[in-house]
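For reference, the structure is listed below as structure tokens.
The sequence lines fix the lettering, A, B, ..., with proteins before strands; numbering per chain opens at 1.
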Protein chains: 2
Amino acid sequence: MIQKVVSPESLGLTLRAARKDKGLSQKAVGHAVGMEQHTISKIEKGNPGTGLGTLFRLLSALELELVVQPRRKPSGDDLGDVW
Amino acid sequence: MIQKVVSPESLGLTLRAARKDKGLSQKAVGHAVGMEQHTISKIEKGNPGTGLGTLFRLLSALELELVVQPRRKPSGDDLGDVW
DNA sequence: TAAAAATATATTCAATAGGGTATAAAATGA
DNA sequence: TCATTTTATACCCTATTGAATATATTTTTA
């Protein structure tokens, strides 16, 4: 499961999918890294104010990593959300 | 140029490298997306409080995208910084 | 090495995060 | 359908953002 993200919204959706993949609740992942359930909720809903520190804590809980790479030209099978 | 990032610090370093690659100043990238020079500086220095909205604006200015993927086991040539 | 450009740091301010806590609303299941 | 679990909201609070602006420091280059 690899997902390109270009906005807080698409990032939120990706994180939610990853969490569900692992069968975890927001409460579970949050508490695993000392965060409140409502914080996870806001992130997944695309809150643009979410801080990087908070993001990386969540990525850690979900055993995910981030890759920064040059933006490719959108190809046919991309799902939009590109700005 | 593809970079794994696992913390605000490593993200900052990656963004700085990408900016230099393009021969742009902090002022230039910042103003390209309506951000102050000092904000770019803080991001590159690894400020954990930087918001996602701010991050994505910068990524846009640098024509970069983010990929979320499962964390691989660290291999020999990784530079640490893994938590 | 002097000037210019780039980057880091500082201050004030309005806005908002995230913790703590509570509850409403929605989804899941027995 | 009722109870349980999960997710979304809300409030208060303290801390910190990022804009605006200014200046110090560092780096580049003529």
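- C:dT21 atom P lies 8 Å from atom CD of A:E36, rounded to whole Å.
- Within the structure, side chain to side chain donor-acceptor pair (under 3.5 Å) contacts touching residues 41-55 of chain B (residues at least two apart or in different chains) are B:R16-B:E44, B:R19-B:E44, B:Q26-B:E44, B:N47-B:T50.
- With respect to the salt-bridge test (charged N to carboxylate O, under 4.0 angstrom), the residues B:K27 and B:E36 do not qualify.
- Of all heavy-atom pairs between B:F56 and A:V5, the closest is CE2-O, 3.8 Å.
- Using a 4.0 Å heavy-atom distance criterion, B:T39 is classed as a sugar-phosphate-only contact.
- Rounded to a whole Å, the CD1 atom of A:I40 is 13 Å from the C1' atom of C:dG19.
- Salt bridge present: B:E65 and A:K4 bring a charged side-chain N and a carboxylate O closer than 4.0 Å.
- On the nucleic acid side, DNA chain D has its first and last nucleotide under 4.0 Å of a heavy atom of chain A at D:dT7 to D:dA10, going 5' to 3'.
- No donor-acceptor pair closer than 3.5 Å links the side chain of B:R71 to the backbone N or O of A:E63.
- Residue B:R16 places no side-chain N or O under 4.0 Å from the OP1 or OP2 atom of C:dA6.
- For C:dT16, neither phosphate oxygen OP1 nor OP2 lies less than 4.0 angstrom from any side-chain nitrogen or oxygen of A:N47.
- Of the residues near DNA chain D, B:T54 and B:K20, the one whose nearest nucleotide (by heavy atom distance) lies more toward the 5' end is B:T54.
- A:Q37 comes within contact range of at least one nucleobase, with a heavy-atom separation under 4.0 Å.
- Within the 4.0 angstrom heavy-atom criterion, only backbone atoms of the sugar-phosphate kind lie near A:G34; the bases stay farther away.
- Rounded to a whole Å, the CG atom of A:L58 is 14 Å from the C1' atom of C:dG18.
- In this structure, the NZ atom of B:K42 is 11 Å from the P atom of C:dA10, given to the nearest Å.
- Among the atoms of the strands shown, none is found under 4.0 Å from any heavy atom of B:K27.
- In this structure a side-chain-to-backbone donor-acceptor pair under 3.5 Å is present from B:T14 to B:S10.
- Here the P atom of nucleotide C:dA17 and the NZ atom of A:K45 are 15 Å apart, to the nearest Å.
- Across the protein-nucleic acid pair, A:Q26 atom CD and C:dA24 atom C1' stand 15 Å apart, rounded to whole Å.
- Atom NE2 in A:H38 sits roughly 6 Å away from atom C1' in C:dG19 (whole-Å rounding).
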Practice task
Run the numbers on A:I40 and A:M35 for side-chain contact (heavy atoms from CB on, under 4.5 Å), then give the verdict.
Solution key: CA-CA 8 Å; A:I40 311 295; A:M35 288 164 53; 3.5 Å; yes
